[in-house]
**Student:** 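Let me give you the structure first, and then I'll get to my questions.
Quick note on labels: first sequence line is chain A, next is B, and so on, each numbered from 1. Given the structure is predicted, the values throughout are model-derived calculations rather than measurements.
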Amino acid sequence: MANYCMVIDLDKCVGCQACSLACKAENNVPHGTPYEHKRHHDMYWHKVIAAWEGEYPSVGTQIIPMPCMHCDHPPCVNVCPSKATYKRGDGIVMQNFRRCLGCRYCIVACPYGARNFNFKDQENEEYQRPDLPPDLDLSYEGLIGPWPYPHRTRGVVEKCTYCFHRIDQAHANGQEVGSKLEGEDGVLPACVEACPTGARYFGDLGDPESAVRKIMAGRGPIKLREEMQTSPKTIYLPR
Amino acid sequence: MQVNFAPLKGNSRNYSILVGVLIGLVAAGLIAYLIAYAYGFRLWGVNNYVTWGQLITVDFFFIGLSAGSLVVSSLVYVFGQEKYKPIGRMAVYMGLLLMMGAMFTVLTDLGRPEKFWRLFMYFYLSNMKSMFGINGIFYAGYILLLGTYLVAALSGSKLTKFIAPVAVLWAMLVHMGTGAIVGFIETRHVMYSPLKPIEFVSAAFASGLALVTLLSYLTLRFSKRPINKDMFVSLGKLLVVLILILMVLVTVDKLTHFYPPKREAVMFLIAGPWAWIFWLQVALGYFIPLAILCNPWLRKKVGWVIAACAICVVGIFFERAAIIFPGLSQPLEYYPGEIAGIWGARGGFLIMPAETLQTLGIVALLGLLFVLGLKFMELTPALDEGEHAQAEPADQVAAPAAEGGQT
């Protein structure tokens, strides 16, 4: 089975936040009000941070887009009491809203701040899709639509899923998944697809012929907070 | 030493006022919770940074107090220290109440409380690698044990001799498990420590002993029961030992993490924006009670001992808060350097009415159950030898009063 990973080339990233917007649009993540933003009540499955060092004129800024790291040893899976967070066979760390109790232990344990608690019901009508199943059950084997989150459930924790619904649908339709160095890309997560500079790559970490493996070769890839030994699968290529 | 137990009459005006006030607070807390449940937890102070708030703080506090209460009861039922007998039953009852209160706070703190049963599907639907999953066993077993213990103590059964030591050991497990909830989380450097489970047990014993001393004194005082001053003075001496152990553990823990090079977490705790919580913990939890209880004149005066206990209980509450709030609000270092905007900002916490009222409501609920328990159960020592017989004439047929009230 594939072992999916995402490679982000920081040399190409311009910090335009197209990835964050694409994520919000694809996964129907609600926008927050300025008040909610101030109180850290709004949800971000994907964020772009800017880390800077030094003072003017010798200052350096590093812009880092951060989806979920989909760790190989995810602390959130360890601490979840109800198995609502689990690692799929293809390495994607998932969140099952039907199992989630809302204890928020995973938010405490996540070293990357990738998890968000849902503090309220969505108010905006345009997000409501009652014709689609409310959320994903583990026993659900059929295909789910392009929007896997027609309703949001208040009181549970949410996170990035590497757009698993696109990947599953591609497999079911016999399409290829992942970036290509030459020719047409396969099916990609929304943020990878939306990146205007092509800074993001998605593919199988286990396949030595995959684009992600080739692009990483010789670039000295880095992982965030390696001292935590979570071995993240969102990998960065330094500038 | 024989002690007769009798319930409070509970006819006085003050008793009715107390019950009324507590019922009012419980109702306010219930309404606050229902509103928060309907509108989502945005009405609370918790947010995506400081994601555990007042309720979890109170939860840890209650679990600790419960374990500590049990230790006091063990003095009577395990170590046979007869002089503590008058407050033995109250201690067991408080242990049970506080543990149930702790479970109640956790339940209402869940985002989807209707799914709480998933915590108790051991090995089947629960993840037993999670400390919450393991603690599910500890907590459920503890409540069952305490219930049996209370029934045995009330009926004066010899079973207490067997249940009490098991319950005390189980209480230590419960508390070490609770400490491990925060102690095992490496992400949060303020919390992360191998000493946390032991520290929690130690803090539990100190705070629980202090609370039992305080509440039993107040109960005896206001119900005009005889007060054995020596008993309270000797409880004060025991508290000194427990506080000293706790102080050593906390000092070792913080000192280890203070030693360079990696000391940001301790600096954040002792000199950061939440430093006042930590220093209140140190002052109220350790130094002021020790200053009172080690003073050769003050430690023999019951009033001062009780004051020291009250201050210590408040101090240990701040100890719990000093784990949750600084631990969660310290910014995560995603990348070396300073992170701009909200992603690098320290987490804040607002005192919101819904959450605060609910916390008060749960405290009031425990108070209410305690006060009602005093009236309807034989928890307090009798005013005089004859009271038991008058209060429970039906019991006389089944068992003689002296035997029925004895433990």
Side-chain angles (χ1 to χ4, degrees), chain A residues 36-44 47-54 60-62 64 66 75 77-86 97-113 115-121 153-157 222 224-225 227-230 236, chain B residues 37-52 56 106 109-116 118-119 121 125-136 181-182 184-188 191 324 327-328 331-345 347-348 350:
Chain A
E36 283 169 353
H37 185 71
K38 201 174 140 200
R39 287 204 52 204
H40 308 305
H41 275 179
D42 49 352
M43 275 188 285
Y44 291 92
K47 58 179 178 274
V48 178
I49 63 165
W52 47 274
E53 256 176 323
T61 310
Q62 180 66 67
I64 304 169
M66 286 180 70
V77 172
N78 274 342
V79 301
C80 177
S82 59
K83 293 186 187 167
T85 294
Y86 57 96
F97 301 151
R98 287 196 182 167
R99 290 182 166 192
C100 181
L101 306 165
C103 70
R104 316 193 283 289
Y105 199 7
C106 51
I107 303 183
V108 175
C110 177
Y112 304 100
R115 296 177 152 269
N116 296 276
F117 186 71
N118 196 337
F119 283 92
K120 59 162 193 181
D121 283 320
T153 314
R154 147 173 61 83
V156 297
V157 174
I222 55 166
L224 295 187
R225 302 197 77 175
E227 80 279 5
M228 304 294 297
Q229 304 195 347
T230 51
Y236 297 88
Chain B
Y37 182 70
Y39 283 84
F41 287 175
R42 61 184 150 156
L43 296 185
W44 287 8
V46 292
N47 52 59
N48 277 323
Y49 285 23
V50 182
T51 183
W52 285 343
I56 294 287
V106 173
D109 186 70
L110 294 179
R112 310 292 328 173
E114 66 276 8
K115 287 188 246 176
F116 81 98
R118 277 189 180 275
L119 287 172
M121 298 283 111
L125 292 178
S126 324
N127 171 19
M128 298 319 280
K129 263 201 282 178
S130 167
M131 276 321 295
F132 276 1
I134 296 168
N135 281 335
I181 288 177
V182 295
F184 286 4
I185 301 299
E186 196 182 346
T187 302
R188 312 286 174 170
M191 298 175 170
I324 301 284
L328 294 178
L332 296 170
E333 298 159 8
Y334 303 127
Y335 194 81
E338 197 162 334
I339 294 163
I342 60 157
W343 306 118
L350 290 180

**Student:** Please state whether the side chain, the backbone, both or neither of A:I64 comes within less than 4.5 Å of a heavy atom of chain B.
**Tutor:**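 Interface part for A:I64: side chain.
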
**Student:** How many angstroms lie between atom CG of B:L119 and atom OG of A:S82, to the nearest 0.5 angstrom?
**Tutor:**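 Reported to 0.5 Å precision, the distance equals 7.0 Å.
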
**Student:** Does any non-hydrogen side-chain atom of B:N48 lie less than 4.5 Å from one of A:F119?
**Tutor:** yes

**Student:** Counting heavy-atom pairs closer than 4.5 Å to chain A, which one of B:F116, B:Y335, B:W44 comes out on top?
**Tutor:** B:Y335

**Student:** Heavy-atom cut-off 4.5 Å, strictly under: side chain, backbone, both or neither for A:N118 against chain B?
**Tutor:**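 For A:N118, there is no contact with chain B at all, as no heavy atom is under 4.5 Å.
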
**Student:** May I have the step-by-step check of side chain to side chain contact (heavy atoms under 4.5 Å, CB included) for A:L101 and B:R112, ending in yes or no?
**Tutor:** CA-CA 5 Å; A:L101 306 165; B:R112 310 292 328 173; 5.6 Å; no

**Student:** Tell me, for B:F184 versus chain A, whether the close heavy atoms (under 4.5 Å) come from the side chain, the backbone, both or neither.
**Tutor:**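 No part of it gets close to chain A.
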
**Student:** With only heavy atoms counted, which part of B:L110 is less than 4.5 Å from chain A, the side chain, the backbone, both or neither?
**Tutor:** both

**Student:** Do you know the tightest heavy-atom contact between B:L332 and A:G113?
**Tutor:** CD1-N, 3.8 Å

**Student:** Looking only at the side chains, is there a donor atom on one of A:K83 and B:N127 sitting less than 3.5 Å from an acceptor on the other?
**Tutor:**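 Not at all, the side chains of A:K83 and B:N127 share no donor-acceptor pair under 3.5 Å.
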
**Student:** Check A:M228 against B:E186 and note the closest heavy-atom contact, atom names and distance.
**Tutor:**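 So the two residues come closest at CE-C, 3.9 Å.
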
**Student:** Rounded to the nearest 0.5 Å, what separation is found between the NZ atom of A:K38 and the CG atom of B:L350?
**Tutor:** 8.5 Å

**Student:** What pair of heavy atoms forms the shortest contact from B:R118 to A:R99, and how long is it?
**Tutor:** CD-O, 3.6 Å

**Student:** Keeping the roles fixed (side chain from A:Y105, backbone from B:I181), state whether a donor-acceptor pair exists under 3.5 Å.
**Tutor:** yes

**Student:** When heavy-atom pairs shorter than 4.5 Å are enumerated against chain A, which of B:P113, B:S126, B:G133 gives the highest number?
**Tutor:**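 Among the listed options, the one with the most contacts to chain A is B:S126.
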
**Student:** Side chain, backbone, both or neither: which part of A:V77 has a non-hydrogen atom closer than 4.5 Å to chain B?
**Tutor:** backbone

**Student:** Which atoms form the tightest heavy-atom contact between A:F97 and B:K115, and what is the distance?
**Tutor:**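 Reported closest heavy-atom pair: O-NZ, 3.0 Å.
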
**Student:** Chain A heavy atoms under 4.5 Å from B:V46: which part of the residue, side chain, backbone, both or neither?
**Tutor:** both

**Student:** If we define contacts as heavy-atom pairs under 4.5 Å, which of A:G155, A:P81, A:P111 has the most with chain B?
**Tutor:** A:P81

**Student:** Within 45° of the six-membered ring axis of B:Y334 and under 6.0 Å from that ring's centre, is NZ or CZ of A:K47 located there?
**Tutor:**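 Yes - A:K47 lies over the ring of B:Y334, closer than 6.0 Å to its centre and within 45° of its axis.
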
**Student:** Who among A:H41, A:E53, A:Q62 has the most heavy-atom pairs with chain B under 4.5 Å?
**Tutor:**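 Option with the greatest count: A:H41.
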
**Student:** Does A:C103 offer a backbone N or O that forms a donor-acceptor pair with the side chain of B:W52 under 3.5 Å?
**Tutor:** yes

**Student:** Say whether, by atom type as modelled, one donor and one acceptor occur between the side chain of B:K129 and the main chain of A:V79 under 3.5 angstrom.
**Tutor:**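 Here the side-chain-to-backbone pair does not exist.
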
**Student:** At a heavy-atom distance under 4.5 Å, which candidate from B:G347, B:A38, B:G136, B:G344 has the highest pair count against chain A?
**Tutor:**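 Winner by heavy-atom pair count: B:A38.
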
**Student:** Please find the pair of heavy atoms, one from B:T51 and one from A:R104, that lie closest to each other, and give the distance.
**Tutor:**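 Where B:T51 meets A:R104 most closely, the heavy atoms are O-NE, 2.7 Å.
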
**Student:** In the structure I gave you, are the side-chain heavy atoms of A:V108 and B:T187 within less than 4.5 Å of one another anywhere?
**Tutor:**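 Not touching, per the 4.5 Å side-chain cut-off.
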
**Student:** For a 4.5 angstrom cut-off between non-hydrogen side-chain atoms, does B:I342 reach A:H37?
**Tutor:** yes

**Student:** Specify whether B:W343 and A:Y44 have parallel, tilted or perpendicular ring planes, treating 30° as the upper limit for parallel and 60° as the lower limit for perpendicular.
**Tutor:** perpendicular

**Student:** Here's one to test your reading of the geometry: is the NZ or CZ of A:R154 within 45 degrees of the ring axis of B:Y39 and under 6.0 Å from its centre?
**Tutor:** no

